[in-house]
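Contents: one structure, followed by commentary.
For the numbers below, each heavy atom of this structure counts, side chains included, while hydrogens, waters and symmetry mates do not.
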Amino acid sequence: GNTTYYSSPKQIGALTAWSTVATGFYHNLAIKTDGSLWAWGYGVNGRLGLGDTASRSSPVQVGALTNWAKASGGDNYSIAIKTDGTLWSWGYNLYGALGLNNTTYYSSPKQVGALTTWSSITSGSGSALAIKTDGTLWSWGINDTGQLGLGNTTNYSSPKQIGALTTWSKVISGNGQQLAIKTDGTLWSWGKNTNGALGLGDTTNRSSPVQVGGLTTWLRVSAGNYYSLAIKTDGTLWTWGKNTEGRLGLGDTTNRSSPVQVGALTTWLTLSTGTSFKHSIVLLY
């Protein structure tokens, strides 16, 4: 309800009905247990989905529907999946990041196609990725560094399938770099490789998915501003990419282009990179 900075956690309201939350670039999205969708923060380009471009300092419900299941906040836009498996988007759309086959901005949710088979989503810097219930992987938006994984650098304003595989399990979008885990536990990356953010041992961009090493024990992954984090099934934490500000957690500021283990603990549970993409939060068991 204000614009004051805080250096310790403050409760937002008094409700105990929040289910999931997603952070975008200066805006936030949250879903309550009743399936309603709420937004607040910076409203430019209509990224809050409230029918205007005004900013909000407290959560405001997006429409009146109670069938929202998942949400993701991009740099200037938002995407979400409803419980019926439909895909929706709104906000900034210069490069087709909304997947609506145009570059028109929208300040309210618009359905992406008519399919009801969308399972998971992630939104990054001008591009988005999604997995369908059949395990196929799809992408759309800006593609200047091959971040759509389609073997080229052409922008697309509607979803395009990445290859023909049906074994994709998790996907996350960073600042141009994309990371995904398959059902067999292998880790894959593509897109912008500044400072080794793809974990492939070099700094060369990739326009198609490339496997990171040969291990089949990757469990969770998160992408930040030119760096990445991952947890293996044994509970170890790994990181690679740009390391200014010590964002890799390795006790130094040296960049790494391949995964390096953070400490020796085997009790890491979940992880997240910050909205500014320059800090990380990881929880222990």
Side-chain angles (χ1 to χ4, degrees), residues 19-20 22 31 35 67-74 78-89 96-101 111-124 127-143 146-152 154 156-174 176-191 198-200 206-223 228-234 238 259 269-273:
S19 175
T20 63
I31 298 175
N67 60 350
W68 298 100
K70 299 175 182 178
S72 180
S78 304
I79 54 178
I81 296 176
K82 289 185 179 179
T83 54
D84 62 3
T86 57
L87 178 63
W88 298 73
S89 63
L98 300 187
L100 299 170
N101 202 34
Q111 186 172 352
V112 181
L115 297 177
T116 59
T117 54
W118 299 102
S119 175
S120 64
I121 48 174
T122 181
S123 54
S127 64
L129 300 168
I131 297 176
K132 290 185 179 179
T133 53
D134 62 2
T136 56
L137 179 61
W138 299 72
S139 64
W140 61 94
I142 194 171
N143 194 28
Q147 57 262 57
L148 297 188
L150 300 170
N152 58 41
T154 303
Y156 292 94
S157 60
S158 58
K160 303 293 181 183
Q161 186 173 351
I162 300 176
L165 296 178
T166 59
T167 54
W168 299 102
S169 174
K170 300 180 181 72
V171 66
I172 189 71
S173 184
Q177 88 269 29
Q178 319 284 29
L179 303 167
I181 297 176
K182 290 186 180 179
T183 53
D184 63 2
T186 57
L187 176 63
W188 299 72
S189 65
W190 64 97
L198 297 185
L200 300 172
R206 303 299 203 285
S207 61
S208 298
V210 178
Q211 186 173 351
V212 180
L215 298 178
T216 59
T217 55
W218 299 102
L219 180 63
R220 294 182 178 88
V221 68
S222 184
S228 305
L229 301 171
I231 294 175
K232 290 185 180 179
T233 52
D234 63 1
W238 298 73
L269 175 63
T270 188
L271 70 173
S272 176
T273 51

### Task
Rounded to the nearest 0.5 Å, what's the gap from CD1 on Ile79 to CG on Leu87? Could you check?
6.0 Å
### Query
Are any side-chain N or O atoms of Lys70 and backbone N or O atoms of Ser119, one a donor and one an acceptor, separated by less than 3.5 Å?
yes
### Query
Is the backbone of Leu269 close enough, under 3.5 Å, to the side chain of Arg220 for a donor and an acceptor to pair up by distance?
yes
## Note on the structure
Heavy atoms of Leu98 and Ser78 approach each other most closely as CD2-O, 4.4 Å
## Note on the structure
When rounded to the nearest 0.5 Å, the distance separating OG1 of Thr116 from NZ of Lys132 is 9.5 Å
### Query
Is it true that the side chains of Ser139 and Gln178 contain a donor and an acceptor less than 3.5 Å apart?
no
### Rounded distance (nearest 0.5 Å) linking atom OG of Ser208 with atom CG of Leu150
7.5 Å
### Message
Testing the basics here: between Ala97 and Ser127, what is the closest heavy-atom pair and its distance to 0.1 Å?
### Response
CB-N, 4.4 Å
### Message
Checking Asn67 against Asp84 for the side-chain hydrogen bond (donor to acceptor under 3.5 Å, both in side chains) test, could you report, in this order, the C-alpha distance in whole Å, the side-chain angles of both residues, the deciding distance, and whether it holds?
### Response
CA-CA 8 Å; Asn67 60 350; Asp84 62 3; 4.8 Å; no
### Query
Does a side-chain heavy-atom distance below 4.5 Å link Leu129 with Ile162?
yes
### Distance in Å, Ser120 OG paired with Ile131 CD1, rounded so as to fall on 0.5 Å steps
4.0 Å
### Summary
Separation between CD1 (Ile121) and OG (Ser173), nearest 0.5 Å, reads 11.5 Å
## Note on the structure
On a heavy-atom basis, the closest approach of Ala223 and Ile172 is N-CG1, 3.9 Å
### Task
Measure the spacing between OG1 of Thr233 and CG of Leu219 and express it to the nearest 0.5 Å.
6.5 Å
### Beyond-backbone contact of Trp190 with Pro209, side-chain heavy atoms, under 4.5 angstrom
yes
### Task
State, to 0.1 Å, how close Gly99 and Pro159 come at their nearest heavy-atom pair, and which atoms those are.
O-CD, 3.7 Å
### Query
Below 4.5 Å, heavy atoms only, C-beta onward: do Val210 and Leu198 meet side chain to side chain?
no
### Query
side-chain hydrogen bond (donor to acceptor under 3.5 Å, both in side chains) between Ser123 and Ser72: does it pass, once the steps are laid out?
CA-CA 6 Å; Ser123 54; Ser72 180; 2.7 Å; yes
### Task
Answer whether the closest heavy-atom distance between the side chains of Ile142 and Gln147 falls below 4.5 Å.
yes
### Task
Taking all heavy atoms of Gly96 and all of Trp140, pick out the closest pair and write down the distance.
O-CD1, 3.4 Å
### Query
Considering residues at least two apart in sequence or located in another chain, which fulfil the side-chain hydrogen bond (donor to acceptor under 3.5 Å, both in side chains) criterion with Trp188?
Thr186
### Query
With no hydrogens and no angle check, is any side-chain donor or acceptor of Asn143 less than 3.5 Å from a backbone partner on Asn152?
yes
### Summary
Smallest heavy-atom separation, Gly199 atom then Val212 atom, equals O-CG1, 3.4 Å
### Worked check of side chain to side chain contact (heavy atoms under 4.5 Å, CB included) between Leu148 and Lys160
CA-CA 9 Å; Leu148 297 188; Lys160 303 293 181 183; over 6 Å; no
